[in-house]
There are 2 protein chains.
Amino acid sequence: MRPAATVPSTARREDNNDERVATMSPRGPRAPSVGSQGATLSDVAQAAGVSMATASRAINGSPDRVVGEELRRRVLEAAARLDYSPDANAQAMARGRTATVGLIVHDIADPYFSAIATGVAAAADDEHLAVTLANTQHDPQRELAFVRTLQEQRARAIILAGGRQDDERANAALRAALETYRSHGGTVALIGQPVLGVSTVQADNTGGAAALASELLRLGYRRYGILAGPKAHLTARERLDGFAGVLESAGVTPEAVVNSAFTRDGGYAALAELRRRAPDVEVVWAVNDVMALGAMTSARDAGLSVPGDLAFAGFDDIATLRDVAPPLTTVHLPLAEMGRLATPLALDVDGGVRQLSVTGEVVLRDSTPRM
Amino acid sequence: MRPAATVPSTARREDNNDERVATMSPRGPRAPSVGSQGATLSDVAQAAGVSMATASRAINGSPDRVVGEELRRRVLEAAARLDYSPDANAQAMARGRTATVGLIVHDIADPYFSAIATGVAAAADDEHLAVTLANTQHDPQRELAFVRTLQEQRARAIILAGGRQDDERANAALRAALETYRSHGGTVALIGQPVLGVSTVQADNTGGAAALASELLRLGYRRYGILAGPKAHLTARERLDGFAGVLESAGVTPEAVVNSAFTRDGGYAALAELRRRAPDVEVVWAVNDVMALGAMTSARDAGLSVPGDLAFAGFDDIATLRDVAPPLTTVHLPLAEMGRLATPLALDVDGGVRQLSVTGEVVLRDSTPRM
DNA sequence: CTGTTAGCGCCTTCAC
DNA sequence: GTGAAGGCGCTAACAG
């Protein structure tokens, strides 16, 4: 399985980095001493023969005042010549606000979150904001810690992505941290459930799952196995409620409902348990796509064919699905768009707590053929 | 395909956010005026009846001086009581350096980059550094712009992830921007090719691809189709060279070599072209996994079975592969580890330009059965 | 339209 | 071990 490369190694030339010479700007000697940390606005002003105020206005175009054509040109020229780079930290201090938003995710390697991150990054870019990424690794402690760190950085806004837990203790702690952050002038938005008292972008999990259940029923499925995720996970629970509710009104009872982590590995492990508890299931629905994918792989590893022996469905419509075979039936969520939407919500200075809701769309694919 | 949810909408309760009350700290009245932006160190010092210097030392433990037990306790107590949150921007100014590293990636939604980001985030965390994420969307202009932005933020280090292009114009511009950044005190590391005159973590692309080719030959494959990525992309080129080199020494000439974007969609599109040019290929090798996955889907969309009609192999071993069927043969790269490794390299203050090399490991899977 | 003058919040020599 | 004072780089009132 893992043969070493028994090949004439043309590879691995280690040090062809000799081009790091003569990269100095060909514009003549830089002003200050060697090893300088760069020119300051004061240097620029002096070089241009104007006051710092004028230099500042010329470079950053202050709201009110406008600088005369001639001086402006001189300032800009001097700035360029000196490789002047405004110090964002100093600007932040003087202006009393930064140009940074924080993005807190559970796991940036999860396609769900990286899609959201894409949306946030795009929106932030439009607003000329930098985004500080915080990866909690699913640890609520770290989530808390990151809120504090972001507060210390005076990030203008924080976007928290990821469903909340039904854990009043943890929620209370986070709520308090966010409240402190807000009392310090920050603003917050959440992508998940509105249980933190902040603006929220939420997906219609219940409705989407319900719609999916309806479709599966219509396709003729009657024996359901459900990978429900963690009991306390609100997203998981909402989806489960929506799905199970429809089954129930149709007089169908799931063969088994298995709880597990909300992750790919959680799905993989849960499938084995599901089969133990209910060997004769027709279709497995997992409350999110990564779990469904893990479960599908688990089923295959156990010798089952998909969808021949077992059909599968998920939720989210992560990008990964484009290349999965058979294509996975799911509920499409506009993930990047949700990240995009959350950004202005988070930046909202009115202090108003707003809610945005996006709906999911059932997408039937080959993993759930008509029975 | 897209039925609306015709379900009793228990869903979408919009505003259960009434819990945003009474979240104020139960520790008595906050000191300053309403709408305060938070206590400053000076407030804390005053409340503790000590000088700012002492307060500062008590809270951040300055290098030399140590604060007495009693005063230290009083300061910490006051800080807690006032919800004091140190201002990282002010600290950055006073100290002359920030606690931020910048991470520039082409596309955070690409599993290759999100894996690297995970490693960087973990390593940065260990060093108590925040990471600013810059998503270039494959645009060299934006890459340049982000270097400048990160410089303005005075990010302590920048990590550039992603293979370089053979575009001396673009490289020169980037090299100059990085040089400026470095002259301002920043440090840089690159994950890719050492063509920018900065410390680099590089994968042994040539060796890995060569080893893969050897294995495929050993399995009996003789008719190769290669999805080579962009001609100017150095990673693509290195891999191609390694692979083609081994084929050549074995007296095998690829049936076709198709260029395309280095992305999933590039792979998808390229496969059609490949089949047009060489209908009788036995195995398709793409220079990275996302291309291979796109190509596999393309083949299936064209009615081929994998690996029955056509075998596939890739490069990188992205996490996605765990749930792909049939499992894709590839060259494993320790992506997260590469991100981890790049971080200390980037932080290196010695100014030394260092090179680190990681090797790839061929992983044979079901997508390339023995012929 | 341009210049002067205060700080923004914190750290850090330097004295005591 | 503690305090006083200067300054990091920039912006934002105020005056002219």
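Reminder, nothing fancy here: chain letters follow the sequence lines and each chain counts from 1.
OP1 or OP2 of D:dT11 lies within a sub-4.0 Å distance of a side-chain N or O belonging to A:Gln91. A:Ser56 has a side-chain polar atom (N or O) that falls below the 4.0 Å cut-off from OP1 or OP2 of D:dT11. Contact between the side-chain N/O atoms of B:Ser51 and the OP1/OP2 oxygens of D:dG3 is found at a separation under 4.0 Å. Of the side-chain N and O atoms in B:Asn60, one or more sit less than 4.0 angstrom from OP1 or OP2 of C:dC11.
Counting only heavy atoms from C-beta outward, the side chains of B:Gln91 and B:Pro86 approach each other to under 4.5 Å. When side chains are defined from C-beta on, A:Ile59 counts as touching A:Leu76, because their heavy atoms get closer than 4.5 Å. Side-chain contact check for B:Gln153 versus B:Thr98: every heavy-atom pair is 4.5 Å or farther apart.
Among the protein residues, A:Gly96 comes within range of no part of the nucleic acid, since none of its heavy atoms lies under 4.0 Å from any strand.
Regarding A:Asp87, its CG atom lies at a distance of 13 Å from the C1' atom of C:dC8, rounded to whole Å. Separating the CD1 atom of A:Ile59 from the P atom of D:dG9 is a distance of 14 Å, rounded to the nearest angstrom. One interatomic measurement links the two molecules: CD of B:Gln153 to C1' of D:dG9, which rounds to 16 Å at whole-angstrom precision. Rounded to an integer number of Å, the gap from CE of A:Met93 to P of D:dC10 is 13 Å. Atom CE of B:Met52 is separated from atom P of C:dT13 by 16 Å (rounded to the nearest Å). Per the geometry, CD belonging to A:Glu152 stands 13 Å off C1' belonging to C:dG9, to the nearest Å. Rounded to whole Å, the distance from CD on B:Glu69 to P on D:dT2 is 10 Å. Whole-Å rounding puts the B:Leu41 CG to D:dG3 P distance at 12 Å.
Checked by distance alone, B:Arg72 brings no side-chain donor or acceptor within 3.5 Å of a matching partner on the base of D:dG1. Below the 3.5 angstrom threshold, one finds a donor paired with an acceptor across the side chain of A:Arg57 and the base of C:dG3.
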Checklist entry - Could you walk me through whether B:Arg154 and B:Thr100 pass the side chain to side chain donor-acceptor pair (under 3.5 Å) check? => result CA-CA 8 Å; B:Arg154 301 297 186 260; B:Thr100 301; over 6 Å; no

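Place B:Gly68 and A:Ala88 on DNA chain D by their nearest nucleotides, and B:Gly68 ends up nearer the 5' end. The nearest heavy atom of DNA chain D to B:Ala55 and to B:Ala94 marks one nucleotide each, and the one closer to the 5' end goes with B:Ala55.
For B:Thr40, whose side chain is taken as the heavy atoms from C-beta onward, the closest listed nucleotide among D:dT2, C:dG9, C:dT2 is C:dG9. Of the listed nucleotides (C:dT12, C:dC11, C:dT2), C:dT2 has the atom at the smallest distance from the side chain of A:Thr54. Closest to the side chain of B:Ala53, out of C:dG3, D:dA12, D:dG3, is D:dG3. The side chain of B:Leu71 lies closest to D:dT2, out of D:dT2, D:dG9, C:dT2.
Ring geometry for A:His106 against A:Phe113 counts as perpendicular: the plane angle is over 60°, on a 0 to 90° scale with 30° as the lower cut.
No donor-acceptor pair under 3.5 Å is formed between the side chain of B:Thr132 and the backbone N or O of B:Ala130.
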